[in-house]
Amino acid sequence: MKLVDALLLSLSLALMIVGIHQTVTQGVEASYAIFMFAVALLFWFQYRRMQKPEEPPTPKKKTKSRKKR
């Protein structure tokens, strides 16, 4: 995960927490914009993840098998 992805996810989570606090203290009308901004950041994060080129799977290392005596 790149720095920008981590920041988008963290900021979105922080805004969700702030939105929940605002909802409890002042009501949904006061926190609606905060929730919409948090959801927009989540969509942006998901868009960035979907645009990444898919990495090929890495081959497993072969280990030498020991013979029992």
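Owing to the predicted nature of the structure, the values given are computational and were not obtained by experimental measurement.
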field: Nearest heavy atoms of Ser31 and Gly19, plus distance in Å
entry: CB-O, 3.5 Å

query: Got a second to check how far Leu13's CG is from Leu41's CG, nearest 0.5 Å?
result: 11.5 Å

message: Applying a strict under-4.5 Å side-chain criterion to I, L, V, M, F, W and Y, I'd like to know whether Met16 and Trp44 cluster together.
response: no

- prompt: Just wondering, are more than 12 heavy atoms of other shown residues or ligands nearer than 6.0 Å to CZ in Phe35?
  reply: yes

statement: Correct closest heavy-atom pair for Val18 and Ile34 would be CG1-CD1, 4.1 Å

field: Straight-line distance of Leu42 CG to Leu9 CG, nearest 0.5 Å
entry: 7.0 Å

- prompt: Backbone N or O of Ala38 within a donor-acceptor pair of the Ser12 side chain at under 3.5 Å?
  reply: yes

query: How many angstroms lie between OG1 in Thr23 and CD in Glu29, if you round to the nearest 0.5 Å?
result: 9.5 Å

hydrophobic_cluster_shared for Leu11 and Val4, side chain cutoff 4.5 Å: yes

query: So does Arg49 have more than 12 non-hydrogen atoms from other groups sitting under 6.0 Å from CZ?
result: no

field: Side-chain heavy atoms of Asp5 within contact of Lys52, under 4.5 Å
entry: yes

